[in-house]
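In this chain, residues are counted from 1 in sequence order.
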Amino acid sequence: MSGIILLILRLLIALCLFAFLGWALLTLWRELKEYQKILATHKPPSISLSRQTDNVPERFSYNITEVIIGRDPTCELFLEDRAISARHAKLSHHHKQWWVEDLKSTNGTFLNQETVEEPMVITNGDKLRCGGVELTIHIGENYHE
């Protein structure tokens with residue numbers, strides 16, 4: 001009789017162990033789903049670049065994390081200017097900030113009249129010059145011309 005009781009106790013302990021493991025895995029799965037929802041809704045602030053050409057304002061807006069500026073038609077911001085390299089500069093969002101980086105352009109990239117030699121943080125209202133084109137940077141959704 002004690003053998004049957006011992007067998008029943010072992011089965012109950014094994015059942016409790018499997019129930020605990022199932023509960024732990026279910027909890028982890030739910031937390032991962034919740035974290036996935038949070039990451040899916042987290043987007044970087046939009047960035048807009050504006051310039052004046054012949055007294056006509058042009059505005060380029062982006063909701064992506066990387067914008068390549070250059071003369072190459074595959075660039076996100078295509079600018080036809082002989083002083084601009086094919087892939088001139090890169091704007092990227094990381095560490096919760098927008099950054100500008102010169103991509104070894106021939107004529108350089110300037111942020112507020114300062115040469116961009118290494119990645120620099122950009123803010124709303126900064127002036128970015130690539131070749132002969134000056135762009136004003138607007139960060140966030142609340143920009144209106």
Side-chain angles (χ1 to χ4, degrees), residues 6-145:
L6 190 58
L7 179 63
I8 292 173
L9 283 175
R10 285 182 180 173
L11 289 175
L12 285 175
I13 290 172
L15 183 64
C16 287
L17 179 62
F18 284 118
F20 174 76
L21 288 175
W23 172 78
L25 289 174
L26 180 65
T27 302
L28 284 173
W29 181 75
R30 285 181 180 167
E31 287 184 18
L32 284 174
K33 289 300 242 182
E34 189 65 32
Y35 188 68
Q36 181 183 15
K37 287 179 187 177
I38 290 169
L39 286 178
T41 59
H42 175 32
K43 295 185 286 185
S46 64
I47 188 164
S48 297
L49 303 162
S50 63
R51 73 174 181 167
Q52 290 285 117
T53 52
D54 300 326
N55 292 326
V56 177
E58 284 185 284
R59 180 177 168 210
F60 311 95
S61 297
Y62 303 94
N63 287 318
I64 53 179
T65 58
E66 186 174 281
V67 177
I68 304 293
I69 301 170
R71 204 175 57 214
D72 186 344
T74 62
C75 292
E76 284 75 22
L77 179 53
F78 168 66
L79 297 172
E80 287 189 73
D81 186 300
R82 294 181 142 220
I84 294 178
S85 299
R87 292 175 55 86
H88 195 95
K90 175 174 75 171
L91 304 175
S92 57
H93 187 271
H94 53 88
H95 298 99
K96 298 182 181 181
Q97 295 178 317
W98 278 99
W99 297 72
V100 63
E101 178 181 352
D102 183 63
L103 299 177
K104 299 179 182 172
S105 62
T106 305
N107 295 318
T109 302
F110 299 87
L111 181 65
N112 299 324
Q113 307 303 322
E114 185 178 332
T115 305
V116 176
E117 295 175 352
E118 58 186 38
M120 298 174 73
V121 174
I122 55 179
T123 59
N124 199 22
D126 279 348
K127 303 288 185 193
L128 180 67
R129 185 164 53 87
C130 300
V133 177
E134 185 173 279
L135 302 161
T136 303
I137 298 169
H138 307 280
I139 298 173
E141 303 277 335
N142 50 1
Y143 167 68
H144 301 289
E145 288 193 68

- Between CZ of R30 and CG of L25, what distance do you get to the nearest 0.5 Å? 12.5 Å
- Message: Once salt bridge (charged side-chain N to carboxylate O under 4.0 Å, His left out) is applied, do any residues pair with E134, and if so which ones, sequence neighbours excluded?
- Response: none
- Can you see which heavy atom on D102 is nearest to which on V116, and at what distance? CB-O, 3.5 Å
- Item | Approximate separation, where rounding is to 0.5 Å, of I139 CD1 and Q97 CD | 9.0 Å
- Item | Point-to-point distance, once rounded to the nearest 0.5 Å, from CG of D126 to CD of E114 | 10.5 Å
- Query: Say you draw a straight line from CZ of R129 to CG of N107; how long is it, rounded to the nearest 0.5 Å?
  - Reply: 9.5 Å
- Task: Search all heavy atoms of C75 against all heavy atoms of I68 and return the closest pair with its distance.
- Result: CB-O, 3.4 Å
- With side chain to side chain contact (heavy atoms under 4.5 Å, CB included) as the test, would you mind laying out the steps for I122 and I47 before giving the verdict? CA-CA 11 Å; I122 55 179; I47 188 164; 3.9 Å; yes
- Provide the closest heavy-atom pair for T109 versus C130 in the form atom of the first, atom of the second, distance. CG2-SG, 4.2 Å
- Member of S61, S48, S50 meeting the side chain to side chain donor-acceptor pair (under 3.5 Å) criterion with H138: S50
- Step by step, work out the side chain to side chain contact (heavy atoms under 4.5 Å, CB included) result for L91 and L77. CA-CA 10 Å; L91 304 175; L77 179 53; over 6 Å; no
- Note on the structure: To the nearest 0.5 Å, atom CG of N124 lies from atom OG1 of T136 at 10.0 Å
- Message: Can you tell me how the ring of H94 sits relative to the ring of W99, calling it parallel under 30°, perpendicular over 60° and tilted otherwise?
- Response: parallel
- Message: If you compare all heavy atoms of F78 against all heavy atoms of R71, which two are closest, and at what distance to 0.1 Å?
- Response: CE1-O, 2.8 Å
- Message: How close do V121 and L111 get, counting heavy atoms only, and between which atoms?
- Response: O-CD2, 3.8 Å
- Which residues pass the side-chain hydrogen bond (donor to acceptor under 3.5 Å, both in side chains) test with T53, sequence neighbours left out? E58
- Query: Backbone N or O of P44 within a donor-acceptor pair of the W98 side chain at under 3.5 Å?
  - Reply: no
- Message: So does G108 get a backbone contact from the side chain of H88, meaning a donor-acceptor N/O pair under 3.5 Å?
- Response: yes
- Query: Any donor and acceptor pair, going by atom type alone, linking the side chain of T115 with main-chain N or O of F110 inside 3.5 Å?
  - Reply: no
- Would the number of heavy atoms belonging to other residues, nucleotides or ligands and lying under 6.0 Å from CZ of R87 be above 12? no
- Considering only heavy atoms from C-beta outward, does the side chain of W29 approach that of L32 to under 4.5 Å? no
- Task: Sequence neighbours left out, what passes salt bridge (charged side-chain N to carboxylate O under 4.0 Å, His left out) with E76? Give chain and number order.
- Result: none
- What one should report as the nearest heavy-atom pair of P57 and Q52 is CB-OE1, 3.2 Å
- Working to the nearest 0.5 Å, report the span between OG of S85 and CG of L103. 9.0 Å
